[in-house]
Amino acid sequence: AVGRIVALGNDATTLRVGDLVLTDIWMHARDDPTQRCLHGVYQGGPNGTPVTRFVQDEDGWRHGSWAQYVKVPLENCYRVPDVIGAGVGALRAEPVHWLRLAQMVVPFGGLTGDGGVDLRPGESIVIAPATGAFSGSAVEVALAMGARVVALGRSEEGLRRLEDGLRAYVEAGRLRTIRMSEYADAESLKTAIGRVDCYLDISPHTAAGSFHFKACLLALGVRGRACLMGGIHDDIPIPHGAIYRNDLRITGKWMYERKAVFDMIKMAETGVLDLTRGESWSFGLEDWDAALIHAERHARWGQLTFFEP
């Protein structure tokens, strides 16, 4: 959520009442960082059953941000600047810009060195799939980090939307899209991808049987790095021989580290990361039912639906 501080605990040292802040839903217990939850979304256990005490009672952090006021831990508040960009490209930041950043920081976790692929400027990365809200954001962030991106997807419309929205990178030769359904097996898809340094996967649970996992791993060069995010719960086949022969590194990443939020705010403030792309729609809290239906129908890259109390 994005809002202004109306009250602070006595342990705050830099934040002040009235500050514009971005609140982070990725929460960790202070006395045991392995206890984690998504504020108002996922409470840490099977089927959402709370297993962490700090989200179990009404006086804790049980309730999310679909409200006029929200209570969050101090360490989950990040002051954001009033201006984004630099020089002639600078503009006044709107709350929706920071909501876009909150969406982008999720795949950024898989691109960093804190459990992700440790993407470096000038490297090439394949992102699969790449047409959803988070996976498309991964493409944006990787490009902002100086990489060349191969974006995979099954939706022709979704890939064209990505190309149109990031046309400057397409024309510069830094973004290439591939429609996975045009290839019959992992070998042919691997050939289409070409050799890459990194692979970020943000697949939905429905993609468990897809051959793109194998194709992307085979496309990695020696000492290539892969990171698995997304929502797949089933096992997936991997090319064991290619992994050990090429010294590949495969990690998993759930969300991101706190430093990633600070880094992304700096990227936006200096104009490295563009938060103005896409389209957005706001709804009042009283129209929650229409908002949820709208959000379900507009969940592609660059589309954002939010409440504005």
Side-chain angles (χ1 to χ4, degrees), residues 107 110-111 116-132 134-143 145-232 234-253 300-301:
L111 297 172
V117 299
D118 192 18
L119 182 65
R120 298 153 197 170
E123 288 190 320
S124 56
I125 182 171
V126 56
I127 297 175
T131 58
F134 291 113
S135 54
S137 293
V139 173
E140 276 189 277
V141 176
L143 290 168
M145 294 172 69
R148 291 183 294 115
V149 178
V150 181
L152 271 58
R154 297 189 182 279
S155 167
E156 180 74 23
E157 183 273 333
L159 292 173
R160 294 295 81 76
R161 177 185 178 85
L162 196 66
E163 288 182 346
D164 291 342
L166 300 169
R167 178 59 57 185
Y169 292 107
V170 175
E171 294 175 351
R174 289 184 52 204
L175 173 60
R176 182 165 58 91
T177 64
I178 295 176
R179 189 178 182 187
M180 291 188 289
S181 57
E182 295 180 355
Y183 299 89
D185 52 38
E187 286 294 332
S188 60
L189 181 56
K190 177 204 75 171
T191 301
I193 294 170
R195 184 64 72 203
V196 292
D197 301 297
C198 304
Y199 162 37
L200 178 64
D201 192 275
I202 316 184
S203 293
H205 67 92
T206 53
S210 174
F211 57 74
H212 80 270
F213 298 102
K214 181 178 180 180
C216 292
L217 289 171
L218 290 174
L220 289 171
V222 174
R223 298 185 184 86
R225 292 101 65 196
C227 180
L228 305 181
M229 299 185 80
I232 290 182
D234 298 323
D235 295 338
I236 60 172
I238 59 174
H240 184 276
I243 291 171
Y244 81 78
R245 284 195 305 271
N246 292 323
D247 295 335
L248 302 186
R249 189 187 75 191
I250 303 175
T251 62
K253 187 65 180 176
R300 292 288 189 180
W301 168 74

Under the side chain to side chain donor-acceptor pair (under 3.5 Å) criterion, do S124 and R195 qualify, and how do the steps go?
CA-CA 8 Å; S124 56; R195 184 64 72 203; over 6 Å; no

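- Counting non-hydrogen atoms of neighbouring residues, nucleotides and ligands closer than 6.0 angstrom, the CG atom of D235 reaches no more than 12 such neighbours.
- Atom CZ of R225 has more than 12 heavy atoms from other residues, nucleotides or ligands within 6.0 Å.
- Judged purely by atom type and a 3.5 angstrom limit, R174 uses its side chain to pair as donor or acceptor with the backbone of A147.
- For the atom pair S137 OG and I127 CD1, the distance stands at 10.0 Å (nearest 0.5 Å).
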Does the pair V149 and L166 meet the rule for a side chain to side chain contact (heavy atoms under 4.5 Å, CB included), with working shown?
CA-CA 11 Å; V149 178; L166 300 169; over 6 Å; no

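- No donor-acceptor pair under 3.5 Å is formed between the side chain of R160 and the backbone N or O of S155.
- Contact check for L119 versus V141: no side-chain heavy atoms found under the 4.5 Å cut-off.
- In this structure, K253 places its NZ atom where more than 12 heavy-atom neighbours from other residues, nucleotides or ligands lie under 6.0 Å away.
- Contact of the H212 side chain with the Y183 side chain is not registered, since no non-hydrogen atoms from C-beta on lie closer than 4.5 Å.
- The side-chain heavy atoms of L220 and N246, taken from C-beta on, include no pair separated by under 4.5 Å.
- Of the candidates T177, L189, L159, D201, L189 is the only one forming a side chain to side chain contact (heavy atoms under 4.5 Å, CB included) with L152.
- The main-chain N or O of G158 is never found under 3.5 Å from a side-chain atom of R300 such that the two would form a donor-acceptor pair.
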